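The block underneath contains the structure these notes are about, expressed in structure tokens.
For clarity, every value in this text was computed on a predicted model and none was experimentally measured.
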Amino acid sequence: MRTLANEPQVAVVGSGPSGIACAKALVRRGVRVVLLDVGDQLDARRQSLVDRLGAQDHKQWSAPDRQTLTENPTVFGRGVPKKLVFGSDYIYARNDQRAPIVAEPSVAAVPTLACGGFSMAWGGAMLPTAECDMVDWPFGRARLEPAYRQVLADLPFSAVHDGLESEFPLYREPDRAIRLPRQAAAFAADFAHHPPSGSGGDTILCGQSRLALRAADAAMGQGCRYCGLCLNGCVYHSIHTFDRDLRRMVADGSIEYRPGVVVRHLVEEATGVRVHWLSPATHTAGSESFARLFLAAGALNSARILLESMGRYDTPVTFLDSQKFIVPLVRWQSSPIEWPDVNTLPSLFLEARLPSISPHWVHMQVSTMNNFVLGRFGLQEPGGTRWQWLRFGLERLMIAWCGLHSSLSNGFVASLRKADDDGPGAMILTQVRNPATEPTIHRTVRRMMAKSLRGRTLVLPMVTISDIGGGNHFGGAFPMRETPGMFNHTDLLGRPSGWERVHLVDGAVLPSIPATTVALPMMANAYRIATDAPI
């Protein structure tokens with residue numbers, strides 16, 4: 001959309017899902033957008049490898065290239081593996097002096113300074129938030145529905161019409177869906193023929209996963225090549241990442257992009273917002289005024305910026321988390337291992353609402369064999385003596401990556417420590433244990449064990465619980481309220497109490513964190529705020 005040369009500029013801070021959704025809404029309003037970002041990139045050596053392999057058929061890749069692409073020491077340890085990007089952990093800024101973090105060992109929450117944010121390592125899972133999971137929001141799902149439609153219209157969308165729609169609308173006609181592994185297709189068929197009993201008001205839904213993924217070649221890029229390495233990043237860019245949107249918007253002149261900028265604090269002026277930043281590459285500081293600012297730096301970084309701007313040092317704010325845990329599933333009937341010639345993103349979504357345990361949905365993303373599972377058993381690929389010993393179990397094994405609503409999850413408290421020099425102060429993260437979390441997880445697993453047998457699948461009581469914040473589904477430190485009453489409350493347009501021209505639009509404003517996927521509601525809310533904010 002054309003803009004007027006004399007129209008005041010509006011700033012967006014951050015290039016992750018929320019920042020890009022916000023920028024798109026502003027551009028559609030004809031607003032001149034400047035996007036400020038740290039914008040870290042994959043290192044040149046790995047990027048060169050990605051570019052080269054992306055131009056080849058995956059069957060032509062050499063063993064050393066595959067090994068470099070899939071490097072991930074967390075796969076072979078205990079606990080929940082951490083997703084890396086083509087073998088790099090550059091998106092995680094735990095020990096980065098540009099955004100220092102001091103966290104207790106049980107708190108795994110970290111900020112990101114990457115161009116594209118955490119979307120550079122996500123799985124593209126997309127579900128709207130159910131009405132029952134928004135009871136503490138100042139509005140219901142209907143308020144987000146126009147934004148859901150607009151956000152999804154801009155993305156590739158692998159999905160199908162199925163039983164999930166009874167509680168989780170699609171909001172657009174899906175693109176071609178990804179081809180399911182045979183084991184996942186058999187699981188879904190068994191579920192359809194022998195659905196779990198709904199006794200006690202329980203509701204359990206099963207459907208194909210909904211993913212921001214191209215299953216076939218399209219004008220915007222290549223479709224999935226079924227190379228089996230989805231959990232390491234996609235060299236074909238079939239899994240959507242938001243750096244791609246950013247590049248397109250810069251190329252067509254929709255926005256001005258300024259990377260290498262670490263926003264430190266904000267000052268509201270009579271007619272705008274002055275942004276103060278550092279440029280670590282040039283060791284310089286700077287500032288500029290904008291008519292309005294939309295803060296989408298990620299929940300931790302946005303909280304840091306606001307606490308610094310308010311002078312609220314050593315003042316705790318509470319972050320909510322959707323507690324993640326992993327449960328193995330074993331099928332009665334074996335399926336030949338198709339890996340690596342499959343897509344290894346989650347194949348199915350299981351949604352369980354068990355009123356006697358919780359009023360909220362428990363979300364389960366079900367995956368078949370992948371290199372993370374093989375690595376946990378000390379295998380690089382199928383074959384060899386060890387594989388023969390393990391084959392009976394591995395040909396029946398599926399993995400469910402699960403989440404709880406934040407009201408039943410552990411969380412953490414963050415406070416900003418003032419730096420001794422002119423550098424950024426550290427965010428101090430301390431766990432907040434919820435006594436309901438582990439009992440809820442184990443009760444849910446036992447209930448699913450009892451209900452799964454008719455579907456020829458056994459849920460095993462072997463639960464691995466992630467560290468707090470380990471799933472990157474945390475936020476809520478500056479929640480939206482109908483009537484903000486505390487310094488860290490925001491209004492329906494994400495404005496902190498007492499502020500007029502600063503809008504917080506990322507996960508930090510969500511009043512609660514659903515167990516279901518967080519990216520889509522977070523983007524829809526950012527789009528809504530940017531659409532409704534006075535400009």
* Do Val10 and Val34 touch side chain to side chain, with heavy atoms closer than 4.5 Å? -> no
* Counting N and O atoms only, with roles assigned by atom type, does the side chain of Arg225 sit under 3.5 Å from a partner on the main chain of Tyr236, one being a donor and the other an acceptor? -> no
* Does a donor on one side chain sit under 3.5 Å from an acceptor on the other, for Gln323 and His473? -> no
* **Full working for side-chain contact (heavy atoms from CB on, under 4.5 Å) between Leu84 and Lys82** => CA-CA 6 Å; Leu84 303 185; Lys82 182 167 68 173; 4.1 Å; yes
* Heavy-atom distance under 4.5 Å between the side chains of Leu504 and Phe294, does that happen here? -> no
* Using a 4.5 Å cut-off on heavy atoms from C-beta on, say whether the side chain of Asn525 contacts that of Val505. => no
* **Cation-pi, Tyr92 ring and Arg94 (6.0 angstrom, 45 degrees)** => no
* To do: For residues Pro382 and Leu379, determine if any side-chain heavy atom of one lies less than 4.5 Å from a side-chain heavy atom of the other.
  => no
* Would you say the side-chain atoms of Arg28 and Tyr527 include a donor-acceptor pair closer than 3.5 Å? -> yes
* Can you list the residues that meet the side chain to side chain donor-acceptor pair (under 3.5 Å) rule with Tyr171, with sequence neighbours excluded? -> Glu145
* So, the side chain of Ser158 versus the backbone of Ile178: is there a donor-acceptor pair under 3.5 Å, distance only? -> yes
* Over 12 non-hydrogen atoms of neighbours within 6.0 angstrom of CD in Gln333 -> no
* Short question: side chain of Arg304, backbone of Ala99 - any donor-acceptor pair under 3.5 Å? -> yes
* Any sub-3.5 Å donor-acceptor pair from Thr490's side-chain atoms to Phe478's backbone N or O? -> yes
* **Gap separating the CH2 atom of Trp61 from the OG1 atom of Thr68, nearest 0.5 angstrom** => 12.0 Å
* Please determine, by modelled atom types, if Asn72 and Asn232 share a side-chain donor-acceptor pair under 3.5 angstrom. => no
* Rounded distance [0.5 Å steps], OG1 in Thr531 versus CG in Leu26 -> 7.5 Å
* To do: Show your reasoning for whether side-chain contact (heavy atoms from CB on, under 4.5 Å) applies to Met249 and Val27.
  => CA-CA 9 Å; Met249 295 169 78; Val27 167; 4.1 Å; yes
* Structure fact -> In Val262, Val38, Asp37, the residue satisfying side chain to side chain contact (heavy atoms under 4.5 Å, CB included) with Leu113 is Val38
* Would a distance-only check, ignoring hydrogens and angles, find a side-chain to backbone donor-acceptor pair under 3.5 Å from Glu131 to Arg141? -> yes
* Salt-bridge criterion met for Asp57 and Lys59 (N-O under 4.0 Å) -> no
* Structure fact -> Here the pair of heavy atoms bringing Leu35 nearest to Ala23 is CD1-CB, 4.4 Å
* Cut-off 3.5 Å, side chains only: do Gln60 and His58 have a donor facing an acceptor? -> no
* Closest approach of His363 and Ala515, non-hydrogen atoms and distance? -> CB-O, 3.3 Å
* **Spacing of CG belonging to Leu211 relative to CD1 belonging to Ile239, to within rounding of 0.5 Å** => 8.5 Å
* Asked: So do Leu127 and Arg210 actually touch side chain to side chain, heavy atoms under 4.5 Å?
  -> yes
* Nearest heavy atoms of Phe474 and Val110, plus distance in Å -> CZ-O, 3.6 Å
* Asked: Between Phe242 and Trp122, does the ring centre distance come in under 6.0 Å?
  -> yes
* Structure fact -> Heavy-atom nearest pair, Ala524 first then Ala147, reads O-CB, 3.2 Å
* **Main-chain N/O of Ala121 paired to Lys83 side chain as donor or acceptor, under 3.5 Å** => yes
* Could you please spell out the steps behind the side chain to side chain donor-acceptor pair (under 3.5 Å) verdict for Thr344 and Trp339? => CA-CA 8 Å; Thr344 53; Trp339 190 85; 5.2 Å; no
* What heavy-atom pair brings Val463 and Val327 nearest, and what distance separates the two atoms? -> CG2-CG2, 4.3 Å
* Output yes when a side-chain donor or acceptor of Thr368 lies under 3.5 Å from a complementary backbone atom of Gln183, and no otherwise. => no
* Check whether any side-chain heavy atom of Gln208 lies under 4.5 Å from a side-chain heavy atom of Asp162, and answer yes or no. => yes
* Asked: Hey, does the side chain of His193 reach the backbone of Ala189 with a donor-acceptor pair shorter than 3.5 angstrom?
  -> yes
* Asked: Looking at CZ of Arg244 and CG of Leu155, how far apart are the two atoms once the value is rounded to the nearest 0.5 Å?
  -> 14.0 Å
* To do: In plain terms, say whether Asp532 and Arg29 are close enough for a salt bridge, that is, a side-chain N and a carboxylate O under 4.0 Å apart.
  => no
* Asked: Where do Leu394 and Met369 land on the side-chain contact (heavy atoms from CB on, under 4.5 Å) test, with the steps shown first?
  -> CA-CA 8 Å; Leu394 292 179; Met369 185 56 59; 3.9 Å; yes
* Asked: For residues Ser409 and Asp321, is any side-chain donor paired with an opposing acceptor at under 3.5 Å?
  -> no
* Inspect the contact between Arg248 and Asp252 and indicate whether a charged nitrogen and a carboxylate oxygen are less than 4.0 angstrom apart. => no
* Test side-chain contact (heavy atoms from CB on, under 4.5 Å) on Leu520 and Val151 and set out the steps. => CA-CA 8 Å; Leu520 182 57; Val151 166; 3.9 Å; yes
* **NZ or CZ of Arg179 within 45° of Tyr226 ring axis and under 6.0 Å** => yes
* Asked: Quick one: do the Ser62 and Asp65 side chains pair a donor with an acceptor below 3.5 Å?
  -> yes
* To do: Give a yes or no on whether the ring-centroid distance for Phe325 and Trp401 is below 6.0 angstrom.
  => no
* Asked: Measuring from Cys227:SG to Gln56:CD, what's the distance to the nearest 0.5 Å?
  -> 12.0 Å
* Hey, are Gln47 and Asp43 close enough side-chain-wise for a donor-acceptor pair under 3.5 Å? -> no
* **Residues Arg331 and Thr457: side-chain donor-acceptor under 3.5 angstrom** => yes
* Asked: Does a sphere of radius 6.0 Å around CD in Glu71 hold more than 12 heavy atoms from other residues, nucleotides or ligands, not counting ones at 6.0 Å or beyond?
  -> yes
* Are side-chain heavy atoms of Tyr257 and Leu246 found at a separation under 4.5 Å? -> yes
* To do: Answer with yes or no whether the side chains of His360 and Ser358 bring together a donor and an acceptor at under 3.5 Å.
  => no
* Starting at CG of Leu69, measure out to CZ of Arg46 and round the result to the nearest 0.5 Å. => 8.5 Å
* Asked: Are the side chain of Ser512 and the backbone of Ser406 linked by a donor-acceptor contact shorter than 3.5 Å?
  -> no
* To do: Kindly say whether Pro81 contributes a backbone atom to a donor-acceptor pair with the side chain of Thr74 at under 3.5 angstrom?
  => no
* Asked: Does the side chain of Met398 come within less than 4.5 Å of Val330's, by heavy atoms?
  -> no
* **Steps toward salt bridge (charged side-chain N to carboxylate O under 4.0 Å, His left out) verdict (Glu351, Arg353)** => CA-CA 7 Å; Glu351 311 300 333; Arg353 192 177 182 199; over 6 Å; no
* Structure fact -> Closest non-hydrogen contact found for Leu42 with Phe86 is CD2-CD1, 3.7 Å
